[in-house]
Amino acid sequence: MPVPAERAEAEAIVQEFKPLFESETIEKIGQNLKYDAIVLKNYGVELGGPYWDTMLAHYLWEPDLRHNMNFLAETYLQYAPVKIEELIGKKGVNQGNMRDVPLEQIKEYAAEDADITIQLRDFLAPKLNDNQLEKLFREVETPLVKVLADVEYAGVRINPHFLMEYSGVLAEKIVALEEKVLKQAGFTFNIASPKQVGEALFDQMKIPYPGKKMKSGQYSTDEEILSELALTHPICADILAHRGLMKLKSTYVDALPTMINPKTGRVHSQFNQTIAATGRLSSQNPNLQNIPIRTIEGREVRKAFIPRDADHVLLSADYSQIELRLIAEISGDEAMLDAFQKGLDIHTATAAGVYGVPLDQVTSDQRRAAKTVNFSIIYGAGATNLSNQLGIKRAEAKELIENYFKQYSGLKKYMTDIVEFARTNGYVETLLGRRRKLRDIDSRNGMMRSMAERIAINTPIQGTAADLIKVAMINIREALIAGNFQSKMILQVHDELVFDVQKDELERLKPIIFDKMTTAIPNLKVPILVEMGVGENWLEAH
DNA sequence: GCACTCACG
DNA sequence: ACGTACGTGAGTGCG
C-alpha cells in the first residue's frame, strides 16, 4: 500500500510497521538501506536489528564497478528491471511522484524490487565469504550505514547572510579583474571559457604557447601553465585570480545558501559509502569534503559553517599525517617508525635524512621538497613526476628518490613487495582486509600496468586510513548513545571528523572522541595522533 | 554529455 | 624518452 502524502495518515501506516523495522531479531534485506533508514527516521522509526545491504556487499566484492540495482540485476541475474523513469519520468523538475502512479504498476515495481534484492543477497553472500570480506562487511560497512544516516539527518548549520554578503564582495572583485584583463588584452572575450582564454593568449596576443600539452586540439590554460606565464605576462595572473574567485563564488559562496533545507534550516549532504574504490567516503549535494582552506579568500567560506545554536560549538578532530603513519606501519620501515615514535615532524626528519643534515639545520626548501617526496611515495609516482612537481631536473629527482629509499629502505621493499603481491593474487588489501582487484596488473599496455602498480601501492594506505576512521565513527556513535549525549557528528572529511557539541558536554566528550579515534585499530606500532580544535565556526575549530 | 578546470584529503 | 602522481564532486562552456 502506498504511503499517502498526508502526514498523519502516513504516520499511522508507518506505525503499523514500526515493530518490524525496529525489531532486533527480524533481518531486513535491502539495496542502499541508508536511504530507507533516513526515510524511516523522518517518521521517528529507527532501523533496528540485523540488516543486510546488497549495495554494500557488491561494493566490497567489486569496489571498482557500479552498484546500482539495475546494473547488479542485469549483470548477475540477467534480468532488466522496470526503470523508475518509466513510472515517474526522468530526473529533473518535471519528474513525477510515485503517488500518482497507478497502484497496479507500483505493485509490480515494488514486488520486482523485493524479489531482485533477495536474489542478489543469495548471489552476493558467498562472494563475501569466498573473499574473507564478511568481517569487514558485518563489523564496519554495515554498522556505518546507521552512522551515516545520523550524520546526514543531523546536517550542518550554515550562515547564509554571511555568504550572501561575501558574494557581493567577490562580485565586485570579479568585475574589477574582468575589466583589467580585457583592458590588457585590448579586445573582448569570455574569461570563463578556457577555449577563448587559450585563443586570446596564444592566437590573438601571440604569447608563445609553452607547449606543455594539447588535449583535443585546444590549448591548455590550466593553473600550471598560466602561473608559469604569469611571471612574464601579468594578464595571466589576473586570469588566474579571476578564475579562482569565480570558482569560489559559484561553487561555494552562492551555492551553499541554496542548499539549506527549508524544513530544518540546515544543509544535509549525502555521504556515499560505495563510490570510492579505496574505501573512502564521498560527499555530494553539496560536497562538503572539498570546502576551501588553502587560500585566504577560500578559508572565509569555513566561517559560514556554524554551531546549531548559541548553546553549541563546533569541534574538529583530525588525524595527523595519517597516511604516512600507516605506510610506516604497513611497510614496517624502521626509520620512519622511529621518527614517528620520537614524535618528530616527519617532513623535517625526512629532509634531514635525505640531505644528510641535522634536524635543526633543515631549511624550509628542504622540508618542502621532502614533503613532496613523502607524498609522491604514497601515490607511487616516479622520478619524472617528482621532477615536474618540484621543478627540478629528472636526474636530480632520481637522486632524491635514491637517497629517500636509502633512508627508508623498508618503504622501497614495501613498494616492490606489494606490486609482487598484486601480480600473484590479483588484488591488494588493507589492514582490515578490504580488497581491490587489479585487473590491469599484468597488462601488456605499459600505461595501464603502471597505473595498476600505483593503485597497488596507494590503495592499502588510503584504504587503511578509510578503515580506521570508519571504525572510529562507529565507536563514537556508540559512545554518544551510551553516554546519552546531545552532541552530534556532522561531517567526515577523510581524516577529520566534525561535531556539533553542546557546550555542557564538551569536556566530557573530547577525551572520548580522542580515545575512539586513536584506538580504532589497536596494537599498531606507529603512534596515532589526533588534533582537536573548538570554535564558533569551522575555520576557528580547525 | 564531455572536456576542462579546480576545490578538498 | 616518457606517461594521468592517488582518491573524489561541481560549475562552466560548448557541441
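In what follows, chains carry the letters A, B, and so on, assigned in the order in which the sequence lines appear, proteins first and then strands, with residues in each chain numbered from 1.
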Are A/Glu496 and A/Ser316 close enough, and set up right, to give a side-chain hydrogen bond (donor to acceptor under 3.5 Å, both in side chains), and what steps lead you there?
-> CA-CA 7 Å; A/Glu496 174 190 12; A/Ser316 161; 2.7 Å; yes

Within the structure shown, what part of the strands sits under 4.0 Å from A/Arg436 by heavy-atom distance: base, sugar-phosphate, or nothing?
-> sugar-phosphate

Separation between the P atoms of C/dG3 and B/dA7, rounded to whole Å | 26 Å

Okay, side chain of A/Tyr427, backbone of A/Arg439: is any donor-acceptor separation there less than 3.5 Å?
-> no

Could you check how far OH of A/Tyr379 sits from C1' of C/dA5, rounded to whole Å?
-> 8 Å

Taking a pair as Watson-Crick or G-U wobble with both distances under 3.5 Å, which nucleotide is matched to C/dA1?
-> none

Polar contact flag, side-chain donor to acceptor under 3.5 angstrom, A/Gln273-A/Glu141 = yes

Within the structure, does a side-chain N or O atom of A/Arg243 lie under 4.0 Å from either OP1 or OP2 of C/dG11?
-> no

Backbone N or O of A/Ser220 within a donor-acceptor pair of the A/Tyr209 side chain at under 3.5 Å?
-> yes

Compare all side-chain heavy atoms of A/Ile239 with those of A/Thr221 and state whether any distance is below 4.5 angstrom.
-> no

Interatomic distance where CG belongs to A/Leu248 and C1' belongs to C/dT12 [whole Å] | 16 Å

A/Ser443 versus A/Arg449, side-chain donor and acceptor atoms under 3.5 Å | no

Minimum-distance nucleotide (side-chain atoms of A/Asp495 versus B/dC8, C/dC2, B/dG9) | B/dG9

When the distance from NE2 of A/His494 to P of B/dC8 is rounded to whole Å, what number comes out?
-> 12 Å

Picking from C/dG11, B/dC6, C/dC2, the nucleotide nearest the side-chain atoms of A/Thr384 would be C/dC2

To the nearest Å, give me how far apart CZ (A/Phe271) and C1' (C/dG9) are.
-> 13 Å

Nearest-angstrom distance from the residue atom CD of A/Glu224 to P of C/dA5 | 9 Å

Do A/Thr278 and A/Thr459 meet the criterion of a side-chain donor-acceptor pair at a distance under 3.5 Å?
-> no

Would you kindly give the NE2-to-C1' distance between A/His242 and C/dG13, to the nearest whole Å?
-> 14 Å

Go through the steps for A/Asn403 and A/Tyr355 under the test side-chain hydrogen bond (donor to acceptor under 3.5 Å, both in side chains), then give the verdict.
-> CA-CA 8 Å; A/Asn403 282 336; A/Tyr355 295 105; over 6 Å; no

Does any donor atom in the side chain of A/Asn190 or A/Ser193 lie under 3.5 Å from an acceptor atom in the other side chain?
-> no

Please state whether the phosphate of B/dG9, meaning OP1 or OP2, lies under 4.0 angstrom from any side-chain nitrogen or oxygen of A/Arg294.
-> yes

Provide the full list of side-chain hydrogen bond (donor to acceptor under 3.5 Å, both in side chains) pairs with a residue in residues 170-184 of chain A, sequence neighbours left out, each pair given once.
-> A/Lys180-A/Asp238, A/Gln184-A/Asp238

With a 4.0 Å cut-off on heavy atoms, is A/Gly446 in touch with a base, just the backbone sugar-phosphate, or nothing at all?
-> base

Check every strand shown and say whether A/Glu223 touches a base, only sugar-phosphate, or nothing at a heavy-atom separation below 4.0 Å.
-> sugar-phosphate

Taking only N and O in the side chain of A/Thr221, is any of them less than 4.0 Å away from OP1 or OP2 of B/dT5?
-> yes

Looking across every strand, which nucleic acid part, if any, lies under 4.0 Å from A/Gln196 by heavy atom: base, sugar-phosphate, or nothing?
-> sugar-phosphate

How would you label the contact of A/Ile275 with the nucleic acid (heavy atoms, under 4.0 Å): base, sugar-phosphate, or nothing?
-> sugar-phosphate

Using a cut-off of strictly less than 4.0 Å between a heavy atom of the residue and any atom of DNA chain C, enumerate the qualifying residues of residues 452-470 of chain A by number.
-> A/Arg454, A/Ile455, A/Asn458, A/Gln462

Any side-chain N or O of A/Asn385 under 4.0 Å from OP1/OP2 of C/dA5?
-> yes

Value in whole Å for how far the P atom of C/dG7 lies from CG of A/Asn287 = 17 Å

Given atom CD1 of A/Ile291 and atom C1' of C/dA10, what is their separation to the nearest angstrom?
-> 11 Å

Polar side-chain contact A/Gln284-C/dA10 base: donor and acceptor under 3.5 Å = no

Describe the nucleic acid contact of A/Ser282 in one word from base, sugar-phosphate, nothing, applying a heavy-atom distance below 4.0 Å.
-> sugar-phosphate

Using a heavy-atom distance cut-off of less than 4.0 Å, which residues of residues 171-195 of chain A contact DNA chain B?
-> A/Pro194

Say whether, by atom type as modelled, one donor and one acceptor occur between the side chain of A/Asp440 and the main chain of A/Met448 under 3.5 angstrom.
-> no

